[in-house]
Structure formats: structure tokens, C-alpha cells
Visitor: 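Here it is, the structure, as C-alpha cells.
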Amino acid sequence: MSAQKVKTKTKTFRLYMVTWNVGDRNAPTDFTELLKLDQEPLPNIYAVGLQEMTGGDDHVYNDWTKHLTEILSDRGYFRLKSVRMQAILLVVFVKREDILSFTHIESEISRAGMGGWWVGTYIESEISRADMGGWWGNKGAVSVRFDVNGVNMIIVNAHLAAHMDNVRERIEDFHTILRTQKFRDKDVDHILDHDYIFFMGDLNFRLQKVTSTYVERAIRYGEYKALMEYDQLLKCMEEDLIFVDFLEGQITFPPTYKFDPGTDKYDTSAKKRIPAYCDRILWHVHEDSFENIELDVKQLSYESHMSYKLSDHKPVSSLFEIQIYSSPPIPLPVRFLHITSSTKWTSNQEEDVHYKFDISPNLEYLPDKWDWIGLYKENFRSIRDQIAYVYIIQGAKMNKDGCSFVTFHNLSLDPGKYRLLYISEKKDTLLGISEVFQVVK
């Protein structure tokens with residue numbers, strides 16, 4: 001009798017995704033209903049994908065990212081990564097308590113449409129795209145990928161070619177995105193190599209061979225299943241032209257396009273566009289990526305949010321449960337020494353920070369001269385939210401115990417609670433985090 005494989009204990013993480021074509025509008029004042037902020041438990045991961053988002057200098061210093069960061073950081077979230085290509089923005093937040101689970105964080109952009117494509121890789125989450133000029137495209141996709149407890153995941157936000165008759169162009173855009181996005185992580189080269197793949201956006205597929213009168217009547221009577229018989233995306237998927245092996249939840253909400261902005265009325269302009277399900281969320285999982293755990297996606301909700309009236313689209317959200325390993329495969333290599341909850345620093349004094357970098361045979365990261373140690377407030381909002389920092393090349397010294405230390409010089413700090421983080425500059429990854437300690441005057 002053959003031996004049975006021993007299954008490893010797994011953990012359930014919740015992922016909440018939002019896609020919204022915001023039509024060049026500023027962020028709303030209230031995100032409660034859109035992000036389900038009044039429902040418990042809140043998810044481990046928020047991923048918000050926007051299209052036609054303009055304004056601001058880059059993916060961080062814009063109205064939407066600032067509002068989302070303020071709202072979610074007050075609820076215990078950390079901005080893991082943001083990426084923007086012109087009007088396409090993706091922002092990913094994770095619970096601060098889960099931060100040690102996330103490694104190998106990268107982002108990518110792909111320009112599609114208009115007769116060509118361009119792709120770029122951005123590991124640094126706070127780099128501006130302002131100098132990219134004419135290479136930008138208004139169609140394409142941005143993505144954020146990471147490992148969570150050793151399981152790799154990617155979230156893609158796309159805006160595909162518009163207009164009823166451009167089905168072929170939408171399919172070409174999709175395959176351009178798959179073909180051109182490449183990653184530095186040794187385990188994955190492309191989007192489809194990831195264990196978990198989540199794909200959302202204004203995919204722009206329409207309801208064809210049907211009239212506005214028929215569609216609006218079906219909407220009045222809640223006959224959404226009947227409308228899906230005319231959905232271009234589903235027909236293309238049935239023919240294996242796009243999203244092969246991807247899944248989408250059952251649509252039980254009215255078409256999310258096209259509305260008169262500021263209203264719940266479908267297009268009353270002279271063009272009177274036929275309502276359509278442009279805004280979608282799909283997923284794919286490689287269930288057998290690991291021998292000792294079975295990966296799984298469970299969709300808990302898939303809905304539109306009709307109360308938001310900013311643009312000609314309504315936002316769409318979905319809540320998922322996914323299975324991951326119960327803990328990271330390798331502990332963080334950097335340990336901060338002599339920093340405990342009873343530690344007190346004094347403002348405007350020199351403070352030495354002692355740490356040890358534990359190098360093991362399975363360790364992917366080695367100390368680098370451009371690694372840095374940052375000082376953060378306890379409820380920091382992102383890796384780039386540091387109060388002060390010291391590069392290892394500038395300040396690291398060895399003490400008699402063989403441990404390293406750096407010195408923070410005469411910082412003027414407000415009293416309160418702080419943390420220290422060790423950041424790998426090459427990988428944009430957290431390699432060590434201290435306990436919370438006090439700063440006093």
C-alpha cells in the first residue's frame with residue numbers, strides 16, 4: 001500500500017478587489033460601502049484598480065492613493081505597493097499585522113493598443129512615471145505581484161480597447177499584456193506562471209446583437225442571466241480566445257456601463273450606448289503547484305456598487321478566500337538586538353541600532369551595501385514612510401560580538417511609539433522589523 005502524502009496546515013487569507021473606471025473624477029469622500037469598511041472581518045488584502053484616473057504626479061501623490069492610504073492606514077493597513085501607467089492605477093494594501101508574510105514584491109506595466117506596446121519593470125514602489133512621456137498608453141495594464149507565505153500571487157488591473165466592434169483589439173490587448181509582462185522573481189517569468197492570478201479592469205466587452213430597449217427591460221426585471229447570453233467576453237471565453245482556464249463568478253447585478261455621470265440613468269445622449277458589463281473580475285489558480293497543500297479560491301461576493309455616481313461606470317468588487325501556507329517558509333534574516341517594548345530613545349540624542357543578519361543555506365537575500373535601516377512611526381503607511389534612514393554602506397560597523405550596528409545622529413523626534421525596519425534595496429523587501437519602542441523628550 002502506497003504511503004499517503006502528509007498535508008501541511010494552511011491559512012485562509014481574504015482578498016478584496018475593486019475595479020472602477022472613474023472617468024477623470026476625484027476620489028469620493030466616503031469609501032465605507034465600496035470597501036465594506038463596516039463589515040467584519042476586514043480582508044487581509046485590499047486591491048483597488050482604477051482606470052481613467054488622472055491628476056497628481058504619479059501613483060502615490062494623487063487624490064485617490066492619498067485618500068485610500070489615509071482611510072485604510074487608520075484601520076491597520078500598510079500600502080504594500082502602488083503602480084500607475086498614465087490613467088491606470090493599482091494600489092495594494094495589506095494588514096500591518098501580516099506584513100512579515102509578504103516578500104518578492106514587484107510591479108509591471110504594459111502599454112497596449114494604438115498599433116504597438118511598451119512594457120517596463122518597476123521594483124521601486126515610489127518611482128515617478130513622469131519622465132516616460134510619449135511612451136505612455138491609455139490602454140494596457142499594470143500589475144503587482146508578491147509571495148505571501150511562500151505562495152506567489154499576481155493582481156492585474158487592465159483597460160482594454162473600447163467600442164462595440166473592437167473585440168479583436170481587446171483580445172490582442174489581453175495577449176499583449178500576458179506576453180510582455182516579465183518578472184525578476186526566479187520562480188515566475190510571466191503572469192500565468194503565478195500560483196494565484198487575479199485579473200480585473202474595464203475590459204470593455206459589450207452586449208452585442210441586442211437593443212437598448214431589450215437590455216433596459218431585462219434590467220428592470222432583474223433578468224441578468226438572460227443578458228449574459230449576449231456578452232462578448234463570455235462568448236470569447238467559450239471559444240478559448242481569451243482568459244483560457246480563468247473563472248468568473250455569476251453576475252447578479254445590472255450592467256455597470258454606460259451611465260450619465262452623477263445619476264443612475266443609462267446613457268441618454270444622442271449615441272444612447274447599449275448598457276454593458278465592461279467592468280469584470282476573473283481569476284485562475286494552479287491548484288497543484290505544491291505537493292503538500294492544495295491551493296483554492298472561494299469567491300464570497302461579486303457585486304456592483306450602484307450608489308457611487310462619479311462617472312459613467314459603476315465600481316465592481318469581489319471578495320475572495322484563498323489558501324496559503326500557515327507561516328513564511330523562511331524566517332526574516334535580520335534580528336534587531338536590544339530593542340524591546342521597554343526600550344526608550346531620547347529625542348536629539350545619538351542612538352546605536354544593533355542587529356544581526358543570519359545567513360542560512362536557503363536564504364535568498366544576502367547583505368548588500370545599499371540595504372538600509374529606517375525609523376518609522378508605529379502605524380507607518382508604507383515602506384517609504386520612514387522618518388529617517390541609514391544606508392548600510394554609510395554607517396554599519398561591527399561590535400565585539402560580531403553583530404553590526406548603525407548610528408542615528410541627533411534626530412529631532414516627536415514623543416511616541418516607533419519601529420525599525422531593515423529593507424533590502426534590491427528586492428524592495430522587508431528583511432527585519434523591530435518591536436515597538438518609545439521615544440521621549
Side-chain angles (χ1 to χ4, degrees), residues 14-20 22 24-39 42-102 105-107 109 122-130 142-146 148 155 157 200 305 308 310 315 317 374-389 414 416-419 421 423 428-430 433 436:
R14 286 191 167 197
L15 164 67
Y16 188 84
M17 299 176 64
V18 174
T19 177
W20 193 3
V22 297
D24 192 21
R25 301 302 202 275
N26 290 330
T29 57
D30 189 356
F31 282 92
T32 302
E33 195 264 331
L34 181 60
L35 300 180
K36 305 290 187 183
L37 297 175
D38 55 354
Q39 297 185 14
L42 292 177
N44 302 87
I45 306 169
Y46 274 106
V48 179
L50 305 178
Q51 309 86 40
E52 296 189 19
M53 193 287 297
T54 58
D57 297 327
D58 59 14
H59 51 99
V60 174
Y61 299 105
N62 64 76
D63 184 58
W64 286 88
T65 302
K66 287 189 287 186
H67 273 75
L68 289 166
T69 301
E70 289 170 3
I71 290 166
L72 290 173
S73 64
D74 289 343
R75 289 167 171 80
Y77 286 87
F78 162 85
R79 192 177 68 239
L80 184 73
K81 191 78 166 178
S82 58
V83 56
R84 178 180 178 184
M85 183 184 72
Q86 193 177 10
I88 307 173
L89 173 71
L90 175 60
V91 191
V92 177
F93 298 88
V94 302
K95 282 187 175 180
R96 202 174 287 112
E97 65 193 54
D98 296 325
I99 189 174
L100 302 184
S101 294
F102 292 86
I105 305 155
E106 301 180 47
S107 63
I109 67 174
Y122 293 89
I123 303 303
E124 171 53 66
S125 62
E126 306 298 332
I127 290 178
S128 172
R129 275 54 169 175
V142 298
S143 68
V144 171
R145 61 89 50 210
F146 48 81
V148 51
I155 300 168
N157 174 35
M200 65 178 167
H305 298 265
Y308 289 87
L310 289 181
S317 71
L375 176 66
Y376 296 76
K377 290 189 175 180
E378 178 188 16
N379 296 325
F380 59 96
R381 297 179 174 186
S382 77
I383 281 180
R384 300 301 170 181
D385 206 19
Q386 72 272 10
I387 305 299
Y389 63 93
D414 294 329
K417 296 180 178 180
Y418 291 78
R419 283 185 184 271
L421 274 63
I423 307 297
D428 196 21
T429 291
L430 175 67
I433 186 168
V436 176

Visitor: Excluding sequence neighbours, so at least two apart, what forms side-chain hydrogen bond (donor to acceptor under 3.5 Å, both in side chains) with Arg419?
Guide: none
Visitor: Please round to the nearest 0.5 Å and tell me the distance separating atom CG of Asp385 and atom CG of Leu421.
Guide: 10.5 Å
Visitor: Report the C-alpha separation of Trp64 and Trp20 in whole Å, then their side-chain angles, then the decisive distance to 0.1 Å, and conclude whether the side chain to side chain contact (heavy atoms under 4.5 Å, CB included) test is met.
Guide: CA-CA 12 Å; Trp64 286 88; Trp20 193 3; 3.7 Å; yes
Visitor: Distance-only, no hydrogens or angles: does the Tyr46 side chain make a donor-acceptor pair with backbone N or O of Leu35 under 3.5 Å?
Guide: yes
Visitor: Any donor and acceptor pair, going by atom type alone, linking the side chain of Asn157 with main-chain N or O of Leu89 inside 3.5 Å?
Guide: yes
Visitor: Got Leu34 and Val48 here, is their nearest side-chain heavy-atom distance under 4.5 Å?
Guide: no
Visitor: Mind listing the closest non-hydrogen atom pair of Tyr16 and Ser317 along with its distance?
Guide: OH-OG, 3.0 Å
Visitor: Quick one: pull up CG in Leu37 and CG in Leu42 and give me the separation to the nearest 0.5 Å.
Guide: 6.5 Å
Visitor: Determine whether a donor-acceptor pair (N or O, by modelled atom type, separation under 3.5 Å) exists between the side chain of Arg96 and the backbone of Tyr77.
Guide: yes
Visitor: With side chain to side chain contact (heavy atoms under 4.5 Å, CB included) as the criterion, how do Glu70 and Arg381 come out once you've worked through the C-alpha distance, each side chain's angles and the decisive distance to 0.1 Å?
Guide: CA-CA 8 Å; Glu70 289 170 3; Arg381 297 179 174 186; 3.5 Å; yes
Visitor: How many angstroms lie between atom CD1 of Ile383 and atom NZ of Lys81, to the nearest 0.5 angstrom?
Guide: 8.5 Å
Visitor: Determine the minimum heavy-atom distance between Phe31 and Leu68, stating which atoms define it.
Guide: CE2-CD2, 3.7 Å
Visitor: Going from NZ on Lys95 to OG on Ser101, what distance comes out if it is rounded to the nearest 0.5 angstrom?
Guide: 12.0 Å
Visitor: What do the steps show when you test Leu430 against Phe102 for side chain to side chain contact (heavy atoms under 4.5 Å, CB included), and what is the final call?
Guide: CA-CA 8 Å; Leu430 175 67; Phe102 292 86; over 6 Å; no
Visitor: For the side chain to side chain donor-acceptor pair (under 3.5 Å) test, which of Asp63, Thr69, Thr65 pairs with His67?
Guide: Asp63
Visitor: The criterion is side-chain hydrogen bond (donor to acceptor under 3.5 Å, both in side chains); which residues satisfy it with Asp74, sequence neighbours excluded?
Guide: none
Visitor: Just jot down the salt bridge (Lys or Arg N to Asp or Glu O under 4.0 Å) partners of Lys377, sequence neighbours excluded, or say none.
Guide: none
Visitor: Using atom types as modelled and distance alone, determine if a side-chain donor or acceptor of Arg84 lies under 3.5 Å from a backbone N or O of Gln86.
Guide: yes
Visitor: Measure the CE-CE distance between Met53 and Met85 for me, rounded to the nearest 0.5 Å.
Guide: 12.0 Å
Visitor: Mind checking what makes side-chain hydrogen bond (donor to acceptor under 3.5 Å, both in side chains) contact with Asp98, not counting sequence neighbours?
Guide: Asn44
Visitor: Write down the atom of Leu15, the atom of Ala47, and the distance for their closest heavy-atom approach.
Guide: CD1-CB, 4.3 Å
Visitor: Between atom CD1 of Ile387 and atom OH of Tyr376, what is the distance when rounded to the nearest 0.5 Å?
Guide: 9.5 Å
Visitor: Just by modelled atom types, is the Pro315 backbone N or O under 3.5 Å from a matching donor or acceptor in the Tyr308 side chain?
Guide: no
Visitor: Hey, are the side chains of Gln51 and Met200 touching, using non-hydrogen atoms and a 4.5 Å cut-off?
Guide: no
Visitor: Run the salt bridge (Lys or Arg N to Asp or Glu O under 4.0 Å) test against Arg14 and tell me which residues pass, sequence neighbours left out.
Guide: Glu321
Visitor: On a heavy-atom basis, which atom in Ser143 and which in Val83 lie closest, and how many Å separate them?
Guide: O-CG1, 3.7 Å
Visitor: Who are the side-chain hydrogen bond (donor to acceptor under 3.5 Å, both in side chains) partners of Gln386, not counting sequence neighbours?
Guide: none
Visitor: Can any side-chain N or O of Asn62 pair as donor or acceptor with the backbone N or O of Gly55 at less than 3.5 Å?
Guide: no
Visitor: I'd like to know if the side chain of Asn379 reaches the main chain of Ser73, judged simply by a donor and an acceptor atom lying under 3.5 Å from each other, with no hydrogens or angles considered.
Guide: no
Visitor: Take Leu50 and Ile88 through the test side chain to side chain contact (heavy atoms under 4.5 Å, CB included) and record every step on the way to the result.
Guide: CA-CA 6 Å; Leu50 305 178; Ile88 307 173; over 6 Å; no
